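Structure first, then comments.
Owing to the predicted nature of the structure, the values given are computational and were not obtained by experimental measurement.
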Amino acid sequence: MKFGLLGTGPWAQRTHGPALAAHQDVDLVGVWGRRAEPTGALAQQLGTRAYADIDALFADCDAVAVALPPDVQAPLAVRAADAGCHLLLDKPVATTPEAARAVTEAVERGGVGCVVFFTLHFSDTTGEWLRETARRGEASRAQSTGDWQVGRADWLSPVFGGADSPYTASPWRREKGALWDVGPHALSVLLPLLGEAESVTAARGGVGDTVHLVLRHASGASSTCTLSHSVTPAAAGVTAEVRGGAGVAELPLREEGPAVSFGRALDAVLRSVRTGEPHPCGARFAEEVTSVLHRAQEQLPA
C-alpha cells in the first residue's frame, strides 16, 4: 500500500517515519510538512520525496499516516478521506466533538479504512492484556458472577516536570496539557472494558497541569483517572486496573518501543482495508474519546 506521511516533528521522526520505511507491505511515497526545511530533511532521512502540495501527495497515495497536532490533523484527515485515502491517525483525533465527528463522517462517506494509534492497543503485552481482560469480563458476566465494576488509570509523566524529552517544547502539549495528551491512553483502557462514559467529572488539582477525572459508565461501573505531565521524573509512572466479578486485572508494562507498536497499527490498517471490517480503534471510538475529554475540559478553569 502506498502511504504518505503528514508531519515532521519528533513523533514523525522517531515513530511514524521509521515504521513506515521498514514495513514490508508499505511503499512510503513521500512526506508533507508545514515547513519546507524539516520536510526535506525528513524525506531525505527516510529515502523518499518531499511534497509541497498536500493534495498532490493524496493523489499519489492509497493511505496517509498523520503525525500532527490534533487540531491540524482533523481537517486534513477529512480532506484525505474525501480524496479516497485510508487513514492511520494519532490520538486525540481532534479536540472538539464537531471536528472529531467530521472525521467519522468523512471516513464513512468515503468508505475508507481508519485506524487511530492508541498505542496500548498495538503493543504486544498491553494489547493482549486488553483483549484477555475483555474476555474475562464477558465470561464473568455469562456466569452471573458480575462484570468489571470499578477501574482506575493514572498517567503521570515528567514531560513538563524536568524530563529530558523532545516533547517538552511541543506547543499543542503546552496548551492542552496531559488531559488531551495522555488522557486518551487512560480512556483507551477504561472505555473498552467498562463501557461508554455516561458522565465525567473533572477537577484541576496538584502540581502544574494535573487533572483528576471521575467517570460513570453505562454498564453501571465507575472509574477514576489522574493525568499529569508535571510530576518529577522520580514520580512518573503508568498504572491501570479494573476490578469486578472476575477479580483484579492490572495493566502490564509496555515492553517495546512505539515504532514497533506503530508497525502493528500499519498491519491493522492493511487488514481493515483488505477485509472491509472496521477496527475497534477507528474513527467512532476516537470520536467517543474526544467527547469525554471535551466534557472534562469544559469543567476546568480557563
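The closest side-chain heavy-atom distance from H217 to S223 is below 4.5 Å.
Under the 30°/60° scheme for interplanar angles, the aromatic rings of H16 and F262 are found to be tilted.
Here R109 pairs with D82 in a salt bridge; the nearest charged N to carboxylate O distance falls below 4.0 Å. With respect to the salt-bridge test (charged N to carboxylate O, under 4.0 angstrom), the residues R135 and E132 qualify.
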Quiz item: Can you list the steps and then say if D71 with W172 is a side chain to side chain donor-acceptor pair (under 3.5 Å)?
Solution: CA-CA 9 Å; D71 292 331; W172 87 264; over 6 Å; no

Practice problem: Output, in order, the C-alpha distance, side-chain angles, deciding distance and verdict of side chain to side chain donor-acceptor pair (under 3.5 Å) for Y51 and D60. | Solution: CA-CA 10 Å; Y51 278 73; D60 289 345; 2.6 Å; yes

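The environment of CZ in R254 is crowded: more than 12 heavy-atom neighbours from other residues, nucleotides or ligands sit within 6.0 Å. Counting heavy atoms of neighbouring residues, nucleotides and ligands inside a 6.0 Å radius, atom CG of D53 exceeds 12 of them.
Here H294 pairs with nothing under the ring pair (Phe, Tyr, Trp, His ring centres under 6.0 Å) rule; sequence neighbours left out. Residues satisfying the salt bridge (Lys or Arg N to Asp or Glu O under 4.0 Å) test with D154, not counting sequence neighbours, are R152. For R243, the salt bridge (Lys or Arg N to Asp or Glu O under 4.0 Å) partners two or more places apart in sequence, or in a different chain, are E241. In this structure F58 satisfies the ring pair (Phe, Tyr, Trp, His ring centres under 6.0 Å) test with no other residue, sequence neighbours excluded. Every residue two or more places apart in sequence or in another chain was checked for a ring pair (Phe, Tyr, Trp, His ring centres under 6.0 Å) with F3, and none qualifies. The side chain to side chain contact (heavy atoms under 4.5 Å, CB included) search around A186 returns A153, W155, C225, L227, not counting sequence neighbours.
Separating the OG atom in S261 from the CG atom in D267 is a distance of 11.0 Å, to the nearest 0.5 Å.
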